[in-house]
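Here is the structure we will look at, set down as structure tokens.
The structure presented is a predicted model; accordingly, all values stated were derived computationally and were not measured.
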Amino acid sequence: MWHRLSNPFLRLNQRQGSLTSKGFKAVRAHRLHTGSAELTYSCYDGLYPGHIQTTSFQKALLAVGSGVAALQNPYRHDMVAVLGETTGHLALLNLRDRMRNDPEGYTILTERPRIRLSTLDLENMASLPDGSFGREYLRFLEDNKVTPDSRAEVKFVDNEELAYIMLRYREVHDLLHTLLGMPTNMLGEVAVKWFEAAQTGLPMCALGAVLGPLRLNSSRLESLFTSLGPWALQNGRRARCVLCIFYERRWEQSLEDLRQELNIEPPPVILRASNKRNT
Amino acid sequence: MAASLRLLVRRLARLSHRSITSAAANVSWRSGCCLCPSSSRCLSDAAEDRSTHFGFETVSEAEKAKRVYKVFENVAQKYDIMNDAMSLGVHRLWKDMLLHAMHPQPGARLLDVAGGTGDISFRFLDYVYYQQERQKRRATGSSQSLSWQDISDKYPDEDRPQESRAVVCDINKEMLKVGKQRAESMGIISGVSWVVGDAEELPFDDDQFDIYTIAFGIRNVTHINQALQEAFRVLKPGGRFMCLEFSKVTNPILASLYDAYSFQVIPVLGEVIAGDWKSYQYLVESIRKFPDQEEFKGMIEDAGFCCVQYFNFTGGVVALHSGFKL
């Protein structure tokens, strides 16, 4: 009886082992012929660069482990990312349908734009007038000392298109900060998480929205529950899908104009970008 | 000096053998003989052409060393935490059992290859210190009925205790760095040296050490036989070779549980704790590729060691191989 029970595990492991070796062998053979001794883990055996095949058991373990790790140390962005990937399958399917039904969203799915420092024309954006989306985004990056290149890559989503949507969601997160006028301190992040939870339905956002406030002091908690929180939730529900906007073509558009188009009200409280570790 | 000369001679011999065989192959090719043209490639012996395993992947030998280096560079900071998490602390028992089997006496010189973060060396120093204390106590205990003058004469020399020394040798500088930091935090200032070196080509003279250990490192070496030969070379006659390594589990139930745990849980732990799935995937795969207890025993005997035996720990999950240079 034990033997029969243990068989599925063995088969799973052997299959995983052979999957890995097959995929690697194919790329490896090519590498040997070209004689390149390149040494990163860039050869991949999955559906996209960085993809790691996982069983449902492993995904469940990852979800629990990354959740605990992210709670213990909220600055571990890679753990937040893993939590999002392992729990977000249904929400990603939902997002994909919404993007496909929206004309601009569909363009994004076909063109697959990426927001990275290498693709942004920083000089051009700096020369835009104040109040324009591009200028305000740049100001946000400078004030909070963040860069769009610090996003973790997607690893555990088993569908290439959904993996792109997850990546797009991460890259759009900073733009959301600009749109909502929230800095990157704990209160601002929680407010953005409430908005994202209402918008995307990703369990990771919901979890962050529920557990994030635990780290806030009482005055900020009050501000969250009385003004910022309800504003974020309402706007999250009624706003247009934020992933469906082709931001890269809208740098010159005025921020107010973009907010109106997306159906987002300006924030009720102006928060300053202070020291990141101030809660 | 003798070591490097010998290495040079060996290399020259290999080179000349290579040139002879490739010359022979060329001659036969030119003479129109239908030898498959790839035979000259096989004989030319370049490390880029020979392949070996890196986990379940097949790579060229030159690349394996680089990739193994990268793996341990990535995991060095979290290495000790991960060991505790993956083995639930049992690795400490395995290493303690290695020390008990070793039973080093004060004055012994240890070479800890692939010693990285220093686990074995620290235990060695503790063990030897404890042995020294016991001997001191016995010596003073036996001189109870003597006069004060005689007792102070017999008292063991305080300023020249028997010098036991451990040398930690590792190819990876990051691992050595972590080991040094641990030594500092534990307050160990003397008795350990940290040397960067390749197990296949140790930077030591012949007949230097009483004990050679390699704990959980030999499966990462590209040419295990060369590492064994180097071990034979640097040990003094009468010296002991001890190798702690993951091995084959014989019990089928335990084996399937162990496999399931290795492939399902360990990479997840690697991702959550160290942020590195692929390195830990490599580590569990490399365990499967390592020869089993009997085969490894044969390899140790081939290198010249005598009285080779092995002990299984935890049902064969870990095996301790021991041999003597006589």
Side-chain angles (χ1 to χ4, degrees), chain A residues 1-3 5-25 27-29 31-32 35-41 43-45 50 52-70 76-79 81-83 86 152 155-156, chain B residues 41 46-71 73-74 78 81 85 251-282 284-289:
Chain A
M1 191 201 80
W2 271 115
H3 191 63
L5 268 178
S6 60
N7 256 341
F9 272 131
L10 263 174
R11 259 184 269 126
L12 205 64
N13 291 329
Q14 282 164 359
R15 193 189 69 190
Q16 205 179 23
S18 63
L19 253 180
T20 330
S21 61
K22 249 189 254 155
F24 271 130
K25 261 193 207 137
V27 184
R28 195 42 49 197
R31 282 277 171 80
L32 275 178
S36 103
E38 198 183 334
L39 151 98
T40 48
Y41 279 118
C43 55
Y44 57 93
D45 66 326
I52 297 177
Q53 296 274 14
T54 43
T55 61
S56 342
F57 177 70
Q58 284 176 317
K59 285 202 180 68
L61 267 185
L62 272 172
V64 171
S66 60
V68 169
R76 277 205 67 182
H77 299 291
D78 59 331
M79 285 295 100
V82 169
L83 183 62
T86 47
K155 287 189 268 210
F156 302 112
Chain B
R41 224 180 103 231
E48 280 79 31
D49 290 347
R50 271 199 308 220
S51 65
T52 178
H53 50 81
F54 179 76
F56 289 155
E57 213 187 314
T58 308
V59 299
S60 70
E61 287 187 344
E63 189 159 343
K64 170 160 182 172
K66 278 190 233 161
R67 287 183 71 171
V68 170
Y69 192 94
K70 199 90 210 282
V71 163
E73 202 178 37
N74 290 341
K78 295 276 170 87
I81 302 176
N251 182 316
I253 303 172
L254 192 59
S256 38
L257 281 174
Y258 178 54
D259 277 349
Y261 178 75
S262 297
F263 286 99
Q264 300 296 312
V265 178
I266 288 186
V268 172
L269 281 177
E271 179 68 33
V272 170
I273 300 177
D276 194 344
W277 176 287
K278 296 235 158 105
S279 294
Y280 286 91
Q281 181 81 31
Y282 159 71
V284 299
E285 288 176 1
S286 64
I287 293 174
R288 301 299 176 297
K289 284 301 208 178

Closest non-hydrogen atom pair between A/Met79 and B/Glu271, with its separation: CE-O, 3.2 Å
Spacing of CD belonging to B/Gln281 relative to CD1 belonging to A/Ile52, to within rounding of 0.5 Å: 8.0 Å
Smallest separation among heavy atoms of B/Ile273 and A/Arg76, with atom names: O-NH1, 3.6 Å
CG-CD distance between A/Leu61 and B/Gln264, expressed to the nearest 0.5 angstrom: 8.5 Å
Chi angles and distances behind the side-chain contact (heavy atoms from CB on, under 4.5 Å) call for A/Leu62, B/Trp277: CA-CA 11 Å; A/Leu62 272 172; B/Trp277 176 287; 3.9 Å; yes
Minimum heavy-atom distance A/Ser66-B/Val272, with the two atoms named: N-CG2, 3.9 Å
Under 4.5 Å from any heavy atom of chain B - which part of A/Lys155: side chain
Polar side-chain atom of A/Gln58 near backbone of B/Phe263 as donor-acceptor pair, under 3.5 Å: yes
Which portion of B/Leu269 sits near chain A, non-hydrogen atoms under 4.5 angstrom: neither
